[in-house]
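A quick write-up on the structure given underneath.
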4 protein chains.
Amino acid sequence: MASVNKVILIGNLGKDPEVRHLEGGVAVARFPLATSESYKDKSGQRVEKTEWHNIVVWRGLAEVAEKYVRKGQSVFIEGKIRTNQYQDKDGNQRYSTEIVADSLEILSPKGSNEGGNTAEQQSAALHQSSTHQTGKTSAPAGVAQNDEPDDLPF
Amino acid sequence: MASVNKVILIGNLGKDPEVRHLEGGVAVARFPLATSESYKDKSGQRVEKTEWHNIVVWRGLAEVAEKYVRKGQSVFIEGKIRTNQYQDKDGNQRYSTEIVADSLEILSPKGSNEGGNTAEQQSAALHQSSTHQTGKTSAPAGVAQNDEPDDLPF
Amino acid sequence: MASVNKVILIGNLGKDPEVRHLEGGVAVARFPLATSESYKDKSGQRVEKTEWHNIVVWRGLAEVAEKYVRKGQSVFIEGKIRTNQYQDKDGNQRYSTEIVADSLEILSPKGSNEGGNTAEQQSAALHQSSTHQTGKTSAPAGVAQNDEPDDLPF
Amino acid sequence: MASVNKVILIGNLGKDPEVRHLEGGVAVARFPLATSESYKDKSGQRVEKTEWHNIVVWRGLAEVAEKYVRKGQSVFIEGKIRTNQYQDKDGNQRYSTEIVADSLEILSPKGSNEGGNTAEQQSAALHQSSTHQTGKTSAPAGVAQNDEPDDLPF
DNA sequence: TTTT
DNA sequence: TTTT
């Protein structure tokens, strides 16, 4: 069915990425990303409103996030919206929405890694192959296929 | 600050829009929108995964949604992600994510209004003026300014 | 360097795709796509303005376009802008801008193939792997690598 | 008709904006914007390919570009593709494609104005009201309506 | 003509 | 919890 689920964000990391390396070698990184807009309220006061997004990146992109992306930095992200369902401790159905990124570009080198990275690193343009995300028909033999398993905790 | 929060969706309405007319004459419409992707799982089976998005539209766009958009129809939506915080009955902090649409285009005439609408209606291209959403500096006198109040239930 | 070149179009094909199969088996399809907007001019008259885009699709996506996409149909396209330079017969530098699509979704079944395609075909969601478009590092041995050669006529 | 014509670019200005103030007080700014992608060619060499886009901004956004945007800077742009037709001196039909921006955000302060602008200026987030671009139904009396006239040179 |  |  004709369907599109696309998100484009430019914002700043609220924390360093948290990276987990799953069995099979697959990496997952997560970090909060702030976007903000400012507008005038009814009384004419300028107000800043910040939106927080839970970003998730997988595999190679997660490894890059782990190495080059830090709290405070500005990044461009392209991805899709994903809402996970879970039961809370009282058995209530809960929802948690995140952005699964398949492209990430570092826009500015700020935050806690000023000492280190090179211009080359800062400008890394990274795109998750959609082949890996969906069909995987062209994935070479020997490559772990259990990316983004449905039974992962989130 | 350099910030972008943009969502583009093509999907189908899960229900007819629910419209409320607020004091001041402002209309709000809400409806669930499904996007789906199909991929092969580890065993090579084709799997269809559906994502549900809570769409919110305001003012003129809400009135158009009320008139011309129905369950089952396919629409194109452009908007932004917004996560609302609230307390549940046990006092726990909860989050609810929705898509605030500022553009909506009807892609296909399906669902419950087969009898009625014309091609003109079906192809309505609707864009929320960003002037109204933010600065409102150019809004003519007499127009209600209490759009999208922060104290609304959601 | 932080760089993004992204185009999103929804429009109708002005002609059937023209497909060429290059040496090496690579397919290229081209077709014109119309987007239109309507607005009121200074005298209050409603005016419709149509924009024509030259769409190019490569490889598997070209083959799909050849099979399932026809004049008159409405499609969603995601891609990038590419401007080619060439000399005209008088030796003047000329520019030709096209949209290289890496994703294509059929939104409506119109045009010359009413008799044939199934719902499955009409709703084909097709995404060009960015791996193939750029690095090709994961391309399996034996696959032609000369996709999108720079010396192609356009 | 259901139609979308959307462009999203992040790139660097090749030159300072050229601004013209039309009769009626409407401003137009133009500048070239480079986006680049790097990929490996058939021989495994890393190649950088730069795409140049002709950006056009109108009215308030043009004035902002005039004040705050300079050669070398990185900007985010959202807009639409527009191809203008004209006759060259030999009477041949020619086409010129440009991006009409309705949103512009400065991502990095580089280039020729290092001495001057403030952080506030550098982070200007600017969005063209779509009301002004199309219907103008809500434009206050006394405002020049001849924005983006069709008879402009380009 | 930019940037890395 | 970021940034301006």
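So you know, we letter chains A, B, ... as the sequences are listed, proteins then strands, and number each from 1. Computed over heavy atoms, backbone and side chain alike; hydrogens, waters and symmetry mates excluded.
Rounded to whole angstrom, the span from the CD atom of D/Gln73 across to the P atom of E/dT1 amounts to 19 Å. Separating the NZ atom of A/Lys15 from the P atom of F/dT2 is a distance of 10 Å, rounded to the nearest angstrom. The CD-P distance, from C/Gln85 to E/dT1, rounds to 13 Å in whole Å. As a whole-Å value, the separation of A/Tyr39 OH from F/dT4 P is 21 Å. We find that CZ of A/Arg70 is positioned 19 Å from P of F/dT1, with the value rounded to whole Å. The distance from atom CG of D/Asp16 to atom C1' of E/dT3 is 15 Å, rounded to the nearest whole Å. As a whole-Å value, the separation of A/Phe76 CZ from E/dT3 P is 21 Å. Atom OH in B/Tyr95 sits roughly 12 Å away from atom P in F/dT1 (whole-Å rounding).
The base of E/dT2 lies close enough to the side chain of D/Thr50 for a donor and an acceptor atom to sit less than 3.5 Å apart.
Residue A/Glu48 places its side chain closer to F/dT4 than to any other of F/dT4, E/dT3, F/dT1. Picking from E/dT2, E/dT3, F/dT1 the nucleotide with the shortest atom distance to the side chain of A/Pro32 gives F/dT1. Of the candidate nucleotides F/dT3, E/dT1, E/dT3, E/dT3 has the atom lying nearest to any side-chain atom of D/Asn12.
With centres under 5.5 Å and a plane angle under 30°, the ring of A/Trp52 is stacked against the base of F/dT1.
Counting all heavy atoms, side chain and backbone alike, D/Val4 lies closest to C/Thr35 at O-CG2, 3.3 Å.
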For A/Glu51 and B/Arg82, what are the C-alpha separation, side-chain angles and deciding distance, and is it a salt bridge (charged side-chain N to carboxylate O under 4.0 Å, His left out)? CA-CA 7 Å; A/Glu51 196 66 43; B/Arg82 181 168 192 167; 5.1 Å; no

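Contact check on C/Arg94 versus D/Asp88 returns a salt bridge, with a Lys/Arg side-chain nitrogen under 4.0 Å from an Asp/Glu carboxylate oxygen.
A distance of 7.0 Å separates CG in D/Leu13 from CD1 in D/Ile77, rounded to the nearest 0.5 Å.
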